[in-house]
Every structure is written in C-alpha cells, then in structure tokens.
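Structure first, commentary second.
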Amino acid sequence: MKKRIISILNKTVQRAAQEGALKSPPEGGFVVEVPSSSDHGHFATNLCLTLAKSQKQPPMKIASVLLPILKECPLFERVEAAPPGFINFFVKRDEWMPIVTQILEEGASYGKSDFGEGKSVLVEFVSANPTGPLHLGHGRGAALGDTLCRILELAGFNVGREFYINDAGRQIRLLGESVFARWQQIENPDYPFPAGGYHGEYIAELARMISAETDLASLSDEEAIEVCASLGKDIMLDDIKRSLNMFRVDFDVWYSETSLHESGRFAKSLSSGAIAEKIYEKDGALWIATSEHGDDKDRVIRKQDGSYTYFASDISYHRDKWERGFSRAIDIWGADHHGYIPRVQAALETMGVPKGWLSVMLIQLVKLWQAGAEVKMSKRAGTYVTLQELMDEVGVDAARFVFLTKHNDSPLDVDVDLIKKQESDNPVFYVQYAHARASSILRKAQEESVFNGIEDEKLLKNYLKLEEEIALIRMMGDFPSLVEEMAKSLEPHRLTYYLQDLAAMFHRYFNLGTKNPELRVITEDASVSRARLFLVKAIRTVVANGLSLLAITAPEQM
RNA sequence: GCGCCUGUAGCUCAGCUGGAUAGAGCAGCGGACUUCUAAUCCGCAGGCCCCGUGUUCGAAUCACGGCAGGCGCGCCA
C-alpha cells in the first residue's frame, strides 16, 4: 500500500510538472509513513515540505497544487493538506481488503519479495573457538544470525551460512595442555595447571573421556598433549554442533582454519594479486599497509619468529569469501572485537574489494541475572552459563525470542529466574498464544461448519466494518515492507516488536466479543462470521510467518 | 590519551532512519471470566528523551562540545 502511494505521488509530481504547475522536480527525498495519530490519516507524506526549497514556494501552496490531482485517485476516501505542509491520505475501506485475500492466497510465502534480486550473501556467525561450550553471547549471535538469514532469504537473497572454526594455533594447544593437566591431576593433584588455561568443569570431563579411550600413559607428554588437543577439539566441536542444532541453527559450511593452511590457500592469498604489493618487510616481520585505507597503522601478518598472526588468517579467510563470488558478506562479531573492523576492511580494500562489501554487525555483551544479582561470567575462569543450560531451563522458543528483543548494538540482560518462573508473562508465549487462539477459533468454526473456506473479497468488503478490523488489516499489510526494511537495515529485532504489536491487536479484538456477542468472530450472522474467520485466518498466517522467521514454534493450542 | 558503542517512565528497552500529541513490557494501583481459550483484555499513575550549542519549516533522531557507563586500542587469539 505504501509503495502504491509512493508511485502515485511520483506520477502526480510528474503530471504537475508537465502542466507547468511545478518546475521540473528532482527525484525522491520524500517519505510516506504511517502517522502516529489517526487524525492524520492512514498515511502521510512530507513531499511538499521537501519540495519547498527547490520550488521556492511555501509547502502549503505546493500542496494546494497537488491536492486536486490526488483527489481524483480512486484509492482515497479523502486527501487533506495540513500545516506545515503534510498531505494526509485516508484510504477507502474497501481498498484494504485485497491484503486479506493476498495473505490467504500466498500463505507461508506472504512477506516474500525480490528485494534481494537473488544476490548471494554470505553470513558468518557464531564462529566460536572449539575450546569450550557455547555461552550466552554465542547464543545471541546464533539467534541473530539465523533469523537474519531467514529474513534475507524471504527478502529474495541467496544466503550462505558459515561457521569459521578457529582450529589452528595456540588456543587449541592450550586446550590440550589444560586437558592433559587435569588428567595428570587425577593421580597427582599438585600437577601444575598451564597459565591462562581453560578452567571450566568440562575440561576435567574431557580428560576423563579422552583417557578412557586412549592410553595417555603410554605416550610421551608431548604426544599426549597433542592427543588431548586434537580429541578435545573434536569433542567440543561436536558439542557445539549439537547445541546449535538443538537451537535450530544449521550451517551450510563449517569452515576450518586448518583447511585454509593445508590447502595452500593461505600462502597463496598473501602472495598473489594486488595485496602482495602492499606487503613489506620491516624489523624482521612482514607487514601489510592497511593504514593506506583508514586503519590507524600498518599491521604485522608474520611475526619475527616466523609464525603468522591471527590477522593473517583473517585476511586470507575473507579473501577466500570474496573469491567464492558472494556479492556481499556479513560478519557477526562480539563487540569486544570492534577494534578489528577497520583493519579487516582496510585489508579487503587493499585487495580491491569494494567498500561496503563486508558489513560487520556487533553484538554487545549478554549479562545474566539470577536471584536479583548479576552473575559475573568469565570464560577463562570457567564460570559462565552455557547456551545448552539456557535452552534446558527456558526452552528454545523463549531463548531465541529474548535474544532478539533488543537491538544487537545494545547490551542484553537476561534474567533466567524471570523467564523460568514467569512463563506466562514471557512475550514469546504472548505471541504464540495469539496463534493458538486464532487456531482455536478456526477449529471451532470448522466443527460448527460455519466456515466453508471459500474466500470472497466481496464478502470481506461487505462485512468487515469495524475500525479494529481495518487496523489489523493495515498492520498485516505492513509485514512485507517490514521484512524488506529488516533486510536492508540488518535489524531483525524489529520482528519481535512487530509480532507483539500484532498479537496485542488481535487479543484486543478478540476481547471485544467478551462484552458484546455481536462482536465475536463467530456470531449469529453467518456472513459476518465468515468474513471475520477469513480475517482470523490471515492473522494466524502472518503470526505463523513471523514466528517461522524466528524459528519459533507456532502452536495450534496451548 | 585515542577509537567504537550506549544514555528515553521506578526497572528492561522500542521508537519505522529528520515528521505532527514520545511508546511497549515488567513492577504499582483499580476493574472484566455461565467466553470463539483469562498464557487474555480495560482503566489509572508514571517523562528535563544525560547536559549545552548548532543545522531547518521541524530534532529523541543529524553536527560539534561536554558528562556518565561499557568495550577496545599487541609481532595475543
């Protein structure tokens, strides 16, 4: 509907220009929006305000030129100009009804668009080191990334989901040393634990598992550490995969850092192409000239001792992403890595990758509250709540929902007690209940044979007369543009707000019937009932589609 | 010291990317169940949108300067 009005406005301006009423006008610049007050119509535009300067005329005067043309349009009941220069549109009631039939026709694909034009996007998220279980921060990243992918797909992008496994380098070695030390400590409690090692209880668990499978005592310490590192990593990776799977997140590619090195891509990516010219040697190390592209300073990629930095792998990995031909890439990182954005962007530009090809989304920290106090978490000390524990306590649906109730750039407080204890107050149940309630009404109608299931626009036009009904239809009509906007702005959290609003509107509508039987969906009047049942079916569809983007179940009854 | 993020109701946060009278949930108080599902609804109360200056028809939103909190500023990963 909004798009229709935009195109009507464009045509109107063109026509006014042709007729000489306006100087040939510049494109765009104006917006059409839903005003907060219903006095200002279903839609409003600031078109005249934006034209005022270039036309050198007061906005209200421009409005008075455009108004007669707009009034001819059969879409509108009323068009008004309002100071300081808004135009308010009141859409004819009947014109809303096609939205309902459209929803019913399209069903699960309502909301789909070709906004993305089939372009390929690579979304990399979670990418946790396989040195420990996933924590709440990873859960937030997983929920955000996965829902973003679903949104992008619905908006017409071709999406690849990727998990980068940091399975090379020192942290895996440290995992091995930590596990080995715990194994030693079974016999010898005084065996020293490595500095900066991993302290979680799971390390001792790994030691038990690995020593049960492998006779560590028959190996040299060095060999045993390697076994602990390798098997420990495999076990943790399996654990991560299992948790993510339960969290309804599936990746297309698990990209191993080790494979980057073993395949030779790593070496090649730093020695060929435009980037090779930006790499130089200084003080016995290899540097890359990222400062030419906005980084604070040049960065080391190979240290004096001959080993490569983490950043070198990152360059190589992102180059590989680019060479795989994606038209854009999105990374989701913890906010503590924000300092790396400029250098990664700079490295990409050094290779000739266009600015803006890579978008990095940061997620702020998740704070956990329990018994009214913040639970301090430390990965190194091993005191943190895992994603698995959260899922076990509150369920996947609630967990996924809470992770998307805040903008990714805003810190998130999760009060586990609250989600657990007050299940009924949880917003996810509120939305699911709307779906269950709609289902229940439809079930009842089916049983009583009120509903023949044949849609008829005329029926809707004749019998959907309530303001509340029109408001619901308008809101559902926004869903496709919401999906597009979320894909554009990378803001999946808006979906949880939309669903809560839609559910609230439906619950309110339903409750009209508790006071006045004529306002129930199923009433004495068969035609009114049928029209309302179509509306309810449409609501159920939109709620279900929204929940499906969140990968949250849509129950038939609760 | 420099950079990024955040600052909106008692608490946790939205605010459609510059629009008209700033919203929701929770917490508080008061109401509605012989119902198409009360996991719901209705009402009341609650505001210096951190402060200041600027940009313009118009600012919670943009710019600059402060203040406060968080996170980063390695030849660590």
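Just so we're on the same page: letters track the sequence lines, and every chain starts at 1. Just the heavy atoms: all of them, side chains too, but no hydrogens, waters or symmetry mates, feed the values below.
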message = Is a donor from one side chain sitting under 3.5 angstrom from an acceptor on the other, for A/Asp397 and A/Gln432?
response =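 Indeed, the side chains of A/Asp397 and A/Gln432 share at least one donor-acceptor pair under 3.5 Å.
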ask   = According to a strict under-4.0 Å criterion, is A/Tyr430 in side-chain N/O contact with OP1 or OP2 of B/C41?
value =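 Checking B/C41 against A/Tyr430, a side-chain N or O does come within under 4.0 Å of OP1 or OP2.
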key: Presence of A/Lys2 side-chain N/O under 4.0 Å of B/C16 phosphate oxygens OP1/OP2   = no
task = Kindly give the heavy-atom pair with the smallest separation between A/Ile62 and A/Cys48, and that separation in Å.
result = CD1-O, 3.9 Å
task = Compare the aromatic ring of A/His493 with the six-membered base ring of B/A14 and state whether they stack according to the 5.5 Å and 30° rule.
result =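 No; by the centre-distance and plane-angle rule, A/His493 does not count as stacking on B/A14.
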Among [options], which is the nearest nucleotide to the side chain of [X]?
X        : options             : result
A/Asn46  : B/C5, B/U37, B/G19  : B/G19
A/Ser37  : B/U21, B/C75, B/U40 : B/U21
A/Asp336 : B/C36, B/C71, B/C75 : B/C71

ask   = What integer distance in Å separates A/Asp296:CG from B/C4:C1'?
value = 11 Å
Whole angstrom value for the distance that separates C1' of B/C36 from CZ of A/Arg437 = 9 Å
ask   = Which part of the nucleic acid does A/Pro411 contact within heavy-atom distance under 4.0 Å: base, sugar-phosphate only, or nothing?
value = sugar-phosphate
query = So does A/His338 reach the base of B/G3 with its side chain, donor to acceptor, closer than 3.5 Å?
reply = yes
query = Does the B/A20 base have a donor-acceptor partner in the side chain of A/Asn88 within less than 3.5 Å?
reply = yes
task = Flag this pair as yes if the NZ/CZ of A/Arg78 is under 6.0 angstrom from the six-membered ring centre of A/Phe90 and inside a 45 degree cone about the axis; otherwise no.
result =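 Positive - A/Arg78 is close enough to the ring of A/Phe90 and near enough to its axis.
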